[in-house]
Amino acid sequence: MTKIARLDEYKNMLRSRVIALIDCNNFYVSCERVFDASIQTRPVIVLSNNDGCVVARSNEVKKLGVKMGQPVFEIENLIKTHNIHVFSSNYSLYADMSNRVMTVLAQFSPTLEAYSIDEAFLDLTDLNIPDLTLFGKEVKAKVLKFTGIPVSVGIATSKTLTKIASEIVKKNPEYEGVLDLSFCSDELIDECLSKVEISDVWGIGPQYTKFLTGYGITSARDLKNANENWIRRHLTVVGNRTVLELRGVCCIPIATDYPPKKGIGRAKTFGKEVSKHSDLEESVATYISRAAEKLREQGSVATQITVFVRTNSFNKNIPHYSNSISVRIPYPTSFTPDLIKYALSGLKLIYIEGYKYKKAGVYITKIIPEEFIQPDLFGEYSIIEHHRQSRLMLIIDALNRIYGRDTIFFAVQGLKRNWRMRQFRLSNRFTTNIDELLTVK
DNA sequence: TCTGGGGTCCTAGGACCC
DNA sequence: TCTGGGGTCCTAGGACCC
């Protein structure tokens, strides 16, 4: 790239922007409500894997004081006394509903970043929209009409400020779901920022909250006015960016392309504790198979696997053990049988008999695009062999996609799988499985 | 009894090279 | 006895996000 081109790019970055954040309200709860009219106004929660923690709450439940991530057993009484409707996480349903929302949003701007399962940024800079609040209301109405999902819209000149706007929208019904901070006076923005607690600022987590509060920085406004050099020293360049973003300078561009992942992990807490090496082998083989599917999906191969196991760290009464190991694979591959082989060789090295294991996981790293594979001149692994293996995996992936997960799987993944997670309160996969469609009486 | 999972980015420090 | 310094790569660990 020439220096001039670089300069243009830089100027473009500094140009003031108009960005909208569209955020689905209580997304998992809203998904469940789309398919059950009887719970529209009832308290609803959705649980994490193994039905362990609360990961989504309806407004009624938030008012009862239930916290994000709170363990279910702590609120069993509340659930009974307030007749809270409880669901296990139904990721097939949520992922499909998310796709529908994104499809609707894509009609409003050519520049869309699907930031998470329930949030998207839209770049509105060059669209010359005369009334941004009206625009926000249109977006909101259309998403609701086409998907049944209610959303909030925050509009501002940086991503961090759109997050702030959307926070304010959710706490203040009088905004009717849309707040535009992009053409506000500085005084008005300052007033908004002073009402936002430091811990609610995007990019400020528990550690930084503790640190900043210790220095009297307790609101978004305090952070906006903080000394940049001091922030950079203690919160690194990431914190520095947050400060600039609060000042309305867009430093975090909208990402419309999705680069291949650098690490792909799968880890789960077991439904019940296991001790046998064979049970751990089944789980590790299953996790690595899933991770390998993801690896192939993005057209990559890898040369390293990390395997870890751990006992239940919450239980102080049993001996605790936690260990991990990284295994190098001598050639880049995405071939499930090989990945299983190396993962299990790692597991063998860290498995100790006698412990009750509660969790295991794998992490694939040193990922490169498939095209970058260097043919091995002397070794047993040839490019021809790679193509043969790729074709086999292609067919297996296709069969599992069409006929359902685990239509074909490897024997070492096991049949009983008594470590599998608990999901007692799962709703139907209404939109992705023909046998689970909604029945209208 | 029961406590989630899947990611990203940044920095410090060690190994190694010339 | 005296024993450089700068650059790069890699990894582990720590912060954050939803």
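The sequence lines fix the lettering, A, B, ..., with proteins before strands; numbering per chain opens at 1. Everything quoted here is computed from the prediction, not taken from an experiment.
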(request) Scan residues 199-233 of chain A against DNA chain C and write down, sorted by residue number, each residue with any heavy atom closer than 4.0 Å; if none is found, say none. (result) A/Val201, A/Trp202, A/Gly203, A/Ile204, A/Gly205, A/Pro206, A/Gln207, A/Tyr208

(message) Under a 3.5 Å distance rule, please check whether A/Ser334 uses its side chain to pair with a backbone N or O of A/Arg296 as donor and acceptor.
(response) no

(message) At 4.0 Å (heavy atoms only), tell me whether A/Arg328 reaches a base, stays on the sugar-phosphate, or touches nothing.
(response) sugar-phosphate

(message) Could you tell me how far B/dC16 sits from C/dG4 if I compare only their C1' atoms? Round to whole Å.
(response) 15 Å

(request) Scan residues 78-106 of chain A against DNA chain C and write down, sorted by residue number, each residue with any heavy atom closer than 4.0 Å; if none is found, say none. (result) none

(message) Using the rule side chain to side chain contact (heavy atoms under 4.5 Å, CB included), only one of A/Leu161, A/Leu223, A/Asp222 pairs with A/Leu193; which is it?
(response) A/Leu161

(message) Taking salt bridge (Lys or Arg N to Asp or Glu O under 4.0 Å) as the definition, give me every residue that meets it alongside A/Glu293, ordered by chain and number, with sequence neighbours left out.
(response) none

(request) Run the ring-centre check on A/Phe108 versus A/Phe135 and record whether the distance is less than 6.0 Å. (result) yes

(request) Could you check whether A/Asp118 gets within reach of a base, just the sugar-phosphate, or nothing at all, counting any heavy atom under 4.0 Å? (result) sugar-phosphate

(request) Could you grab the distance from atom CG of A/Leu399 to atom CD1 of A/Ile408, nearest 0.5 Å is fine? (result) 4.5 Å

(message) Within the structure provided, determine whether A/Ser98 and A/Met102 are in side-chain contact (heavy-atom separation under 4.5 Å).
(response) yes

(request) Compute whether any side-chain donor of one residue and acceptor of the other, for A/Asn25 and A/Ser30, lie under 3.5 angstrom apart. (result) no

(request) Scan A/Lys294 against the nucleic acid and name what it touches under 4.0 Å (heavy atoms): base, sugar-phosphate only, or nothing. (result) nothing

(message) Could you work out, with side-chain hydrogen bond (donor to acceptor under 3.5 Å, both in side chains) as the rule, every residue matching A/Asp190, not counting sequence neighbours?
(response) A/Lys224

(request) Tell me, please, the opening and closing nucleotides of DNA chain C, 5' to 3', among those with an atom under 4.0 angstrom from a non-hydrogen atom of chain A. (result) C/dT11 to C/dC18

(request) Can you sort out which residues in residues 54-77 of chain A have a heavy atom within less than 4.0 Å of DNA chain B? Ascending by number, please. (result) A/Pro71, A/Phe73

(request) Would you mind listing every ring pair (Phe, Tyr, Trp, His ring centres under 6.0 Å) that reaches into residues 44-72 of chain A, with sequence neighbours excluded? (result) none

(request) Write out the stems for DNA chain B, ordered by first number and formatted as range with range, counting runs of at least 3 consecutive Watson-Crick or G-U wobble pairs under 3.5 Å. (result) B:5-18 with C:5-18

(request) Would you check if there is a donor-acceptor pair between the side chains of A/Asn49 and A/Ser89 at a distance under 3.5 Å? (result) no

(message) Let's go through A/Glu297 and A/Arg401 carefully: what are the C-alpha distance in whole Å and the side-chain angles of both, what is the deciding distance for salt bridge (charged side-chain N to carboxylate O under 4.0 Å, His left out) to 0.1 Å, and is it a yes or a no?
(response) CA-CA 12 Å; A/Glu297 229 171 71; A/Arg401 202 166 45 242; over 6 Å; no

(request) Please check if atom CZ in A/Arg232 has more than 12 non-hydrogen atoms from other residues, nucleotides or ligands closer than 6.0 Å. (result) no

(request) Could you tell me whether the side chains of A/Thr306 and A/Ser326 share a donor-acceptor contact shorter than 3.5 Å? (result) yes

(message) Please classify the nucleic acid contact of A/Ile264 as base, sugar-phosphate, or nothing, using heavy-atom distances under 4.0 Å.
(response) sugar-phosphate

(message) So A/Lys359, base contact, sugar-phosphate only, or nothing? Heavy-atom distance under 4.0 Å.
(response) sugar-phosphate

(request) Look at the rings of A/Tyr115 and A/Trp202 and say which category their plane angle falls in: under 30° parallel, 30 to 60° tilted, over 60° perpendicular. (result) perpendicular

(request) List in numerical order all residues of residues 266-278 of chain A for which some heavy atom is under 4.0 Å away from an atom belonging to DNA chain B. (result) A/Arg266, A/Ala267, A/Lys268, A/Thr269

(message) Can you pull out every ring pair (Phe, Tyr, Trp, His ring centres under 6.0 Å) where at least one residue sits in residues 216-255 of chain A? Sequence neighbours excluded, please.
(response) A/Phe211-A/Trp230, A/Phe211-A/His234, A/Tyr215-A/Trp230, A/Trp230-A/His234

(request) Using the side-chain hydrogen bond (donor to acceptor under 3.5 Å, both in side chains) rule, collect all pairs that involve residues 340-364 of chain A, keeping only residues at least two apart or in two chains. (result) none

(request) Would you list the pairs meeting salt bridge (charged side-chain N to carboxylate O under 4.0 Å, His left out) in which at least one residue belongs to residues 49-64 of chain A, sequence neighbours left out? (result) A/Arg33-A/Glu60

(request) Could you verify whether a donor N or O on one side chain and an acceptor N or O on the other, from A/Asp96 and A/Thr431, lie under 3.5 Å apart? (result) yes

(message) Assuming nearest nucleotide by heavy-atom distance, tell me which of A/Phe314 and A/Gly263 is located more 5' along DNA chain B.
(response) A/Phe314

(request) Assign each of A/Arg241 and A/Asn315 to its nearest nucleotide of DNA chain B by heavy atoms, then name whichever residue's nucleotide is nearer the 5' end. (result) A/Asn315

